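In what follows, a structure is listed as C-alpha cells, so that the remarks can point back to it.
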Amino acid sequence: MAKSAFLKSSIAKKYWMALTGLFLCLFLVGHLIGNLQLFKSGYEGALQFNKYALFMTTNPLIKIMSYVTYISILFHAIDGIYLAIQNKKARPVAYAMNNSSANTSFSSRNMAVLGTLVLFFIATHMINFWAKMKFGTGMPLLVKEIVDPNVGAKQYMLIATPESPQQNVPVQGPVFDNNILKKQPIADIYIDGNKIVNKKNNDVLFEGYKDLHKLTISFFKSKARLFNVIPNEGLVFTIFYVLSMAILGFHLWHGFQSAFQSLGINNKFTPAIKTFGKLFSVIVPILFAIIPVYIHFILK
Amino acid sequence: MATKKNININLKIWRQKNAKEKGKMETYKLDNVSTDSSFLEMLDQLNEQLVNNQQEPVAFDHDCREGICGMCSLYINGRAHGPDTGTTTCQLHMRKFKDGETIFIEPWRSKAFPVVKDLVVDRSSFDRIQQAGGFVSVNTSGNTIDANATPINKQDADKAFEAAACIGCGACVATCKNGSAMLFVGAKVSQYALLPQGQVEATQRVLNMVRQMDEEGFGNCTNTGACEVECPKGISLENIARMNREYLKASMK
Ligand code: HEM
Ligand code: SF4
Ligand code: FES
C-alpha cells in the first residue's frame with residue numbers, strides 16, 4: 001500500500017513537485033553560467049560560447065542531465081497543473097468575499113498561473129534555440145573575420161574543432177550554412193549538424209562549431225517584422241524575455257523555500273533558506289534578463 | 001472601561017435551507033449593536049429580530065463560547081473567524097467593526113465540509129480522519145502505566161502540547177485556497193509523533209490519516225501559510241513539515 005501511495009497521495013505529489021522544482025533551480029544556475037559567457041564579445045567570445053555549446057550537446061554526462069531536466073519540466077508541469085485542478089475542486093463554491101491578501105503572498109496564491117506562463121516561455125525558448133541547435137539544418141557554422149592589415153580587405157575563415165579532419169579553411173563570406181551552399185555550391189558537400197559531409201560517400205570532411213552565438217545575437221538584434229506585422233522583433237523578444245524572467249522570479253519567490261517545507265525541512269535553518277530563496281529568485285532572473293537587454297541595446 | 005457605544009450594521013449572510021437546496025447571500029440591517037457584544041451575541045440579536053418578524057433565524061454553529069471547543073466557524077469579511085488573528089469567532093467582538101459597516105458572513109467553503117444549513121457545515125470528515133489514526137491504543141486491563149512514568153524531554157513535550165492545542169475548528173481548511181486540511185492533520189500526527197507513546201502506531205497512523213484526508217476530498221497544500229495565520233491556536237507550519245517527514249519515513253518501510 002505504501003508503494004502505490006508514493007505516487008498518488010497528496011504528500012507524495014508534493015515531494016515530486018519539490019524535488020523537480022529544486023532540480024530545475026539547479027539547472028537554472030548551470031544554464032545561467034553558460035549564458036553569462038555571452039558578455040564576452042568579439043570572435044573570442046563567440047568561440048568560447050560555441051565551444052561551450054558543443055560541449056553541452058555532446059558530453060555524455062551532460063546528456064544524462066539534460067534528460068533529467070526534460071523529465072523534470074514535464075513532470076513538474078503536469079503534476080503542478082493536476083494538483084491545481086484538484087485544489088480547485090476542493091472548493092466547489094467560492095467565497096463571495098475573500099480577503100486572501102491578508103494572510104498570503106501574491107506569489108504563493110498564483111503558482112499555477114505563474115508556472116503556466118513559465119511553461120509558455122520555455123516552449124517558445126526551446127523552439128527558437130534548442131530545437132534549431134538540435135534538429136535544425138539551417139544552423140550557420142562559426143566563421144572568423146580577419147582583416148589583412150596590408151591589403152585592408154576582409155577574409156573569412158571557417159573554424160575547425162580540434163577533432164576536425166581538416167584545419168581551418170578560407171570561405172567566401174561571413175555566413176556559412178546550407179543556404180549559402182545552395183546558392184554557391186562547393187563540390188558535393190552539405191552541412192550535417194556541425195559537420196561538413198561529402199554527399200557521395202558520407203565521409204566527414206570537416207568539423208566546425210554551430211554558431212549559436214550568432215543565432216543568439218541576431219535573434220535579439222533582429223529588425224525583421226514578427227509574424228510579418230510587428231516591427232523590430234528583436235525588441236519584442238527582448239521585452240518578452242525580460243517579462244518572462246520577472247514571472248519566473250515570482251514563481252521562485254514562493255517556490256524555492258516552499259520546496260523545503262514540502263520535503264519536511266522546517267528547522268533552525270528555515271530563516272536562512274527563506275532569505276537565500278528570496279535572493280535567488282531576484283538575482284537569477286535579473287542576471288538572465290540583462291543578457292538580451294545588453295545584446296539588444298548595448299552590443300554593437 | 002467599556003466604551004458605551006452602539007453601532008448600526010449591514011449584514012450579508014449566506015442563507016441555505018438544507019444540504020440539497022441552493023443558497024444565496026441575503027442582506028439584513030441590524031441597529032443598536034453594542035460594541036461590547038461578541039460576534040455571536042450580535043447574531044443572537046439578529047435572530048431575535050428575525051423571529052420577531054416571523055422570519056427563519058440564521059443557523060450557525062457554537063457551543064462553549066469561550067474559544068476552546070472549535071464549534072463556532074464563520075468566514076467573516078473574507079477571513080476565517082473574522083479580522084482578528086489567534087481568535088475564534090466566539091472571541092471576536094463587535095468593537096472590531098465600524099458604524100455603518102457591511103459585514104459578509106459565509107460558511108466554511110470546502111468540498112469536505114458540506115453545508116448543512118445556512119452557516120452550519122458538516123465537519124465529520126475531521127472525525128473520520130481522527131478515527132483513521134489519531135489515537136494511541138492503550139491497554140486498560142488493570143496494568144495501565146502512569147503516563148508520567150515515561151520520561152519525555154521538555155522540548156518534545158512542549159511541541160506535542162502545542163500541536164495538541166488544535167481544536168479541530170477547520171479554519172485552516174476554510175482559509176486555504178486549496179481547501180487543504182494539512183495543518184489539522186499535521187497537528188494531529190505531530191502530537192503523537194513527538195511522544196514515545198505514539199511510536200508504536202506511528203507508521204500506520206500517518207499513512208492512514210493522510211489516505212483518509214485525501215479520500216475526503218481536501219486539497220493539496222502549496223505552503224501558502226494562510227492556515228498558520230488564521231489558526232486560532234497558533235498551530236505552526238512546522239507540524240506540516242513533520243507530517244511530511246513522518247509520511248516519507250512510513251512510506252519507506
Ligand atoms: C524553470 C522552471 C521552474 C522552476 C525552477 C520551478 C520551481 C518550482 C519550485 C521550487 C516549486 C516549489 C515546490 C514545492 O512547493 O514543493 C514550484 C512549485 C510549483 N510549480 Fe514550478 N518551477 C518551474 C516551472 C514550472 C512550470 C513550467 C509549471 C507549470 C505549469 C510550474 C508549476 C508549479 C506549480 C503549480 C507549483 C506549486 C505546486 C505545489 O506547491 O504543490 N512550475 N516550482
Ligand atoms: S490547525 Fe488550527 S485552524 Fe486547523 S483545525 Fe486545528 S485549531 Fe483549527
Ligand atoms: S464556540 Fe467554542 S470555540 Fe467558539
Side-chain angles (χ1 to χ4, degrees), chain A residues 1-15 17-19 21 79-80 82-112 115 254-268 270 274, chain B residues 12 14 23 25 75-80 83 85 104-107 109-112 115 173-182 203 206-207 210-211 213-214 217-230 236-253:
Chain A
M1 184 215 69
K3 294 288 170 284
S4 75
F6 216 73
L7 261 179
K8 279 193 288 190
S9 92
S10 51
I11 296 186
K13 286 202 207 83
K14 297 262 13 200
Y15 295 148
M17 279 312 279
L19 288 174
D79 203 25
Y82 179 76
L83 282 169
I85 292 170
Q86 255 194 345
N87 292 345
K88 264 267 169 324
K89 285 192 190 148
R91 173 158 302 136
V93 183
Y95 288 110
M97 164 75 116
N98 199 355
N99 187 3
S100 49
S101 60
N103 49 35
T104 48
S105 71
F106 169 84
S107 290
S108 74
R109 274 178 276 129
N110 294 289
M111 288 302 275
H254 174 70
F256 191 94
Q257 53 84 28
S258 170
F260 290 86
Q261 166 79 6
S262 295
L263 294 171
I265 300 165
N266 187 333
N267 51 34
K268 62 176 190 283
T270 300
K274 284 191 174 168
Chain B
K12 285 193 181 292
W14 182 261
M25 298 298 282
Y75 212 69
I76 301 162
N77 274 351
R79 298 193 57 185
T85 54
F104 282 74
I105 311 174
E106 297 172 74
R109 294 285 187 207
S110 160
K111 189 180 165 204
V115 173
V173 175
T175 193
C176 176
K177 74 176 259 292
N178 309 312
S180 165
M182 290 217 191
T203 304
V206 65
L207 293 175
V210 169
R211 183 179 34 75
M213 169 180 85
D214 291 348
F218 291 105
N220 308 279
C221 173
T222 57
N223 307 325
T224 68
C227 53
E228 187 184 49
V229 176
E230 301 297 349
S236 154
L237 287 182
E238 273 177 48
N239 293 294
I240 300 183
R242 187 176 297 103
M243 170 175 65
N244 291 356
R245 287 199 297 278
E246 288 289 314
Y247 191 84
L248 188 61
K249 249 195 311 190
S251 315
M252 297 292 185
K253 279 189 186 160

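Side chains are part of it too, since the values below use all heavy atoms of this structure and drop only hydrogens, waters and symmetry mates. Note that the structure is a prediction, hence the values are computed from the model and not measured.
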When every non-hydrogen atom of A:Gln261 is compared with those of B:Ala241, the smallest separation belongs to NE2-N, 3.5 Å
*Going by distance alone, is a donor N or O of one side chain under 3.5 Å from an acceptor N or O of the other, for B:Thr175 and A:Asn103?*
yes
So, the part of B:Phe218 with a heavy atom under 4.5 Å from chain A: the answer is backbone
Minimal heavy-atom distance between A:Ala90 and B:Gly217, with the atoms involved, is CB-O, 3.6 Å
Q. Can B:Asn244 and A:Tyr15 be counted as having a side-chain donor-acceptor contact under 3.5 angstrom?
A. no
What one should report as the nearest heavy-atom pair of B:Thr222 and A:Asn87 is CG2-ND2, 4.1 Å
Okay, B:Leu237 and chain A: the region with an atom under 4.5 Å from a heavy atom over there is both
Turns out that what part of B:Cys176 lies under 4.5 Å from chain A's heavy atoms comes down to backbone
Nearest heavy-atom contact between A:Arg91 and B:Arg109 is NE-O, 2.6 Å
Assert top hit (heavy-atom pairs under 4.5 Å, partner chain A, pool B:Glu246, B:Glu230, B:Arg242) equals B:Glu230
So, the part of A:Ala94 with a heavy atom under 4.5 Å from chain B: the answer is backbone
Between the CG atom in A:Asn99 and the CD1 atom in B:Ile76, the distance rounded to the nearest 0.5 Å is 12.5 Å
Cut-off 4.5 Å, heavy atoms of chain A, and the answer for B:Val115 is neither
Bottom line for A:Ser262: the part with an atom under 4.5 Å from chain B's heavy atoms is both
Any side-chain heavy-atom pair from B:Lys177 and A:Asn98 closer than 4.5 angstrom?
no
Most heavy-atom pairs under 4.5 Å with chain A, out of B:Cys227, B:Cys221, B:Gly225, B:Pro83, belong to B:Cys221
Closest heavy-atom pair, B:Met182 versus A:Ser10, reported as atoms and distance to 0.1 Å, is CE-OG, 3.7 Å
When the 4.5 angstrom heavy-atom criterion is applied to B:Glu106 and chain A, the contacting part is side chain
Closest heavy-atom pair, A:Asn266 versus B:Arg245, reported as atoms and distance to 0.1 Å, is N-NH1, 4.3 Å
Interatomic distance, CZ@A:Arg109 vs OG1@B:Thr224, rounded to 0.5 Å, equals 9.0 Å
A:Lys14 side chain to B:Asn220 backbone, donor-acceptor under 3.5 Å
no
Cut-off 4.5 Å, heavy atoms of chain A, and the answer for B:Pro107 is backbone
| said: Quick check: do A:His254 and B:Asn223 have side-chain heavy atoms less than 4.5 Å from each other? | reply: yes
Whatever's closer than 4.5 Å to a heavy atom in chain B on A:Lys89 counts as backbone
Inset, instruction - Say whether B:Asp214 and A:Ser9, considering side chains only, have a donor N or O and an acceptor N or O under 3.5 Å apart. - result: no
